[in-house]
Amino acid sequence: MTNRFDPAASDSRWQERWDAADSFRADSASPKPKSYVLEMFPYPSGRIHMGHVRNYTMGDVLARYRRMQGFEVLHPMGWDAFGMPAENAAMEKKVHPGDWTRQNIATMRAQLKRLGFALDWSRELATCEPDYYGHEQALFLDLFEAGLVYRKESEVNWDPVDMTVLANEQVIDGRGWRSGALVERRKLSQWFLKITDFAEELLDGLKTLDDWPDKVRLMQENWIGKSRGLQFRFKRAEGGGEIEVFTTRPDTIFGASFVAISPGHPIAEALGAERADVAEFIARCRQGGTTAAEIETAEKLGFDTGLEVVHPLDPEWRLPVWIANFVLMDYGTGALFGVPAHDGRDFEFATKYGLPIRRVVAPSVGEANAAVTEAEIGAGVAVNSRFLDGLATPEATAEIIRRAEADGWGEGKTQYRLRDWGVSRQRYWGAPIPIIHCEGCGAVPVPREQLPVVLPEDVSFDVPGNPLDRHDAWRQVPCPQCSGSALRETDTLDTFVDSSWYFIRFASQPSDKPFDRAEAEAWLPVGQYIGGVEHAILHLLYARFWTRALERIGRLGMAEPFKGLFTQGMVTHETYRAGDGSWLSPGEVRRDGDDWIHIESGQPVTTGRVEKMSKSKKNVVDPDAIIDRYGADAVRWFMLSDSPPERDLEWSIGGIEGAARFVQRVWRLAASVDSGGSGSDAAIERKLHKSIAALGEAIEALQFNKAVATIYELVNAIEKAKPSATRDEAIRTLVKLVSPMAPHLAEEAWAMMGGKGLLVDAEWPSHDPALLIDDEVTVAVQVNGKLRETLTVPRGSPRDELERQALAAEKVARLIGDASPRKLIVVPDRLVNIVL
RNA sequence: GCCCCCGUGGCGGAAUGGUAGACGCGAUCGACUCAAAAUCGAUUGUCGCAAGACGUGUCCGUUCGAGUCGGACCGGGGGCACCA
């Protein structure tokens, strides 16, 4: 028996034992109830960071707990291995994206293994391997054949110097990040998935996701952005043609003072082709980036085309047609009518360009002519609106839609903000889109027997742009239909496609098809999915869509892939800056009283905000170094301690040291077992059973900070207890209870105490409900709601007995004095409140 | 601008409308030690010698009783659509 638990020796010993016993292999054929615990798989960026450790530790605790409860647990790990950083590395370091990625995977896999996660490594997958993305190509073709894939023109950021497409994050202040050239928008023909076909059911489905955070459901709801309104047409005053608009406020139709069309609207483009001034204005609108932040801060620009349209409810009423930079082509119809009095943006626009501002909604009919000093966007009653006058906003809205439909100039419509999912990426390091373009036959799917379409390895990155475009040997293929010469699609799939079905492939991975339906359905939906909130919208929405699409084409019998979702907070760290403003890493500074100084120079250091660990701010702590020093279990324990898991966790050296101390405390308790104690100890027995119950509840609710506190309380109680048989038993149980969180320590302690077999195979301790209830309770005695005394009485003492004892208490009697209580509130076993 | 979340000791945080501050970190004192580390014990919301008073961002309300419920405000953080 040793005095100290030695993680350096112990961690790898038990990891090897679990491996040898195949402890974490998930058996799809097992008769046990199944539980699928999944954490979002990592991008192999180089090394594991603390955020990964926190994420995977949480999932691991749940997986190990479920396993001990008797579930057959699927807890897999893989790699979201396609993406831009690999191509950037290729350009900067002259390495092949595949070599770079596979090297990172090897490094990170080794790092994960050091943490002793209960993962089924036999199911490991990497999305960059043909045995994964080949099946993805087959699924893409399934969706293609089902009519859920189509091609359309769409704008991309184009770098005119590097001659390459840029992602939003590669556009810095409107310029290409490498070339520095002003970015242009360019139209390309691209592939889209019809996610908008599923808008309504994706929205409806959110209601069934009870085990998701409300926050995420709300974010998805807002993203889908359903709204009801009126779609209608303005006739061109010049004759010949109409402009169709959509509005959610048809009740304000008599407040219209202009019609605005998007610079991308066909009418705008047609005018631009004829008139230099229009073309110039459109070009101005297209300057600058496409990100939300940039558009939001952009000044509103308008151009009066001189065209006019006729108001649908008054043939004499003409409205001017403007081109406006704030009108989006891909929402609604790309055109709108402006009601300055009741829309903030229209108000600003009308004020700038001197357009009429007419009140048509007021708090009451009597205020019909009150001045409009700012946009009043709330509901009220219609005024100055002819036949709508006096109607409340909802009624006015219904009435105008009814009339539009009756008179045939418009119809009620549901509009979604959600747009179809563009999946084409003009990049090498992604799954090739399995399409062949033939001049005669058009876009032809690659025949199934030719899948996978494998990425060629012999590519170079010395020139910007997609190397596939330059790889003629790979591109040039015969057309599958006419055998004429044809070209492969050189765009690759968005990496969100890769992550939209990996959880299905984890559950079932036959070599000849993407998954076996029965096997996949045995595991899915994922019982608990854990990951960062940064994926609250895109990844989770795309995965939900993909699952529904597979359901629609009859491949999978479920609508929702993730039953439970948990979004964990980030791991943060204080930041440090030297006098010259440069960032310093935690290892370069040390504390000096209340100040911090730079170790090397001795200069003072300013501490900055606590922020997410990031390389750019140098506030990262490498998990490997911490494991070397403190062992895997201390790291795991700290990741679970203190902060509620959905909130940020601030890394601190004190925190990890406290965790390491705890590991040793448990070890010392285990070492003290069977040291001669006998007899029973009712208090410890109760504490133990209460702890088992509380711990189970906390783990199920993923409240790991509370789980940790529960364990601490138990350890404190056992340490203080005198030796007894009960105490020995409590220590054995304690070791089981900590095993999901600190598995290496638990196994080592279990073995030291002479436990049989691997603890990982042990049953989760059960608790006796009878022992959760104390015989004696402490009852609070309040006078006028303030605590004055407490009573210790037998559980279930009658009300009159509680009253009697409360009134008899010395402090209480003194406060009451001569007064007689007006009222006595008695909550049995809890409190007595004496109201004077 | 809109939407959402959060404000509790020196710090992270507990608390079915019912004894605020569990648990951890830090700190102070003590024990052990030649000394240190490790460990153990005690104390630790504020004011006060004490009795006691005050105390969950601020104000108002509901209630016998509010950290918890409602309203208004202040502060911090996050998300996002020029979405008609």
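Values below: all heavy atoms of this structure, side chains included; hydrogens, waters and symmetry mates excluded. Naming: A, B, ... by sequence-line order, numbering from 1 per chain.
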B:rA42 versus B:rC23 - spacing of their P atoms, nearest Å: 12 Å
Rounding to the closest angstrom, what is the interatomic distance between B:rC11 and B:rG61 at atom C1'? 34 Å
Rounded off to whole Å, could you give me the [atom1]-to-[atom2] distance for the [X] and [N] pair?
X: A:Trp223; N: B:rC83; atom1: CH2; atom2: P; result: 14 Å
X: A:Glu650; N: B:rG10; atom1: CD; atom2: C1'; result: 14 Å
X: A:Arg647; N: B:rG77; atom1: CZ; atom2: P; result: 15 Å

[X] near the nucleic acid: base, sugar-phosphate alone, or nothing, with a heavy-atom cut-off under 4.0 Å?
X: A:Asp343; answer: nothing
X: A:Gly658; answer: sugar-phosphate
X: A:Arg419; answer: base
X: A:Gln782; answer: base
X: A:Ser652; answer: nothing
X: A:Arg668; answer: sugar-phosphate
X: A:Asp346; answer: nothing
X: A:Ile825; answer: base

The correct set of residues in residues 245-253 of chain A placing a heavy atom under 4.0 Å from RNA chain B is A:Phe246, A:Thr247, A:Thr248, A:Arg249
Between the side chains of [Y] and [X], is the shortest nitrogen-to-carboxylate-oxygen separation below 4.0 Å, so that they form an ion pair?
X: A:Asp774; Y: A:Lys690; value: yes
X: A:Asp346; Y: A:Arg249; value: no
X: A:Glu221; Y: A:Lys226; value: no

Are A:Tyr542 and A:Trp421 close enough that their ring centers fall under 6.0 Å? yes
Taking the six-membered ring for Trp and the full ring for Phe, Tyr or His, determine whether the centres of A:Phe349 and A:Phe258 are under 6.0 Å apart. yes
With a 4.0 Å limit, can you tell me whether [X] has a side-chain N or O closer than that to the phosphate oxygens OP1/OP2 of [N]?
X: A:Lys706; N: B:rG13; result: no
X: A:Asn716; N: B:rG24; result: yes
X: A:Arg665; N: B:rU39; result: no
X: A:Lys823; N: B:rC64; result: yes

Return the 5'-most residue of the pair A:Arg788, A:Val779 with respect to RNA chain B, ranking by each residue's nearest nucleotide. A:Val779
5'-most by nearest nucleotide on RNA chain B - A:Gly654 or A:Gly785: A:Gly654
Would you tell me whether A:Asn716 and A:Arg665 have side-chain atoms, one donor and one acceptor, within less than 3.5 Å of each other? yes
Any side-chain donor-acceptor pair under 3.5 Å between A:Arg636 and A:Thr57? no
Using 30° and 60° as the class limits, which term best fits the ring planes of A:Tyr712 and A:Phe662: parallel, tilted or perpendicular? perpendicular
What nucleotide, of B:rA22, B:rC54, B:rA20, holds the atom closest to the side chain of A:Leu787? B:rA20
For B:rU39, give its Watson-Crick or G-U wobble partner with both distances under 3.5 Å, or none. B:rA31
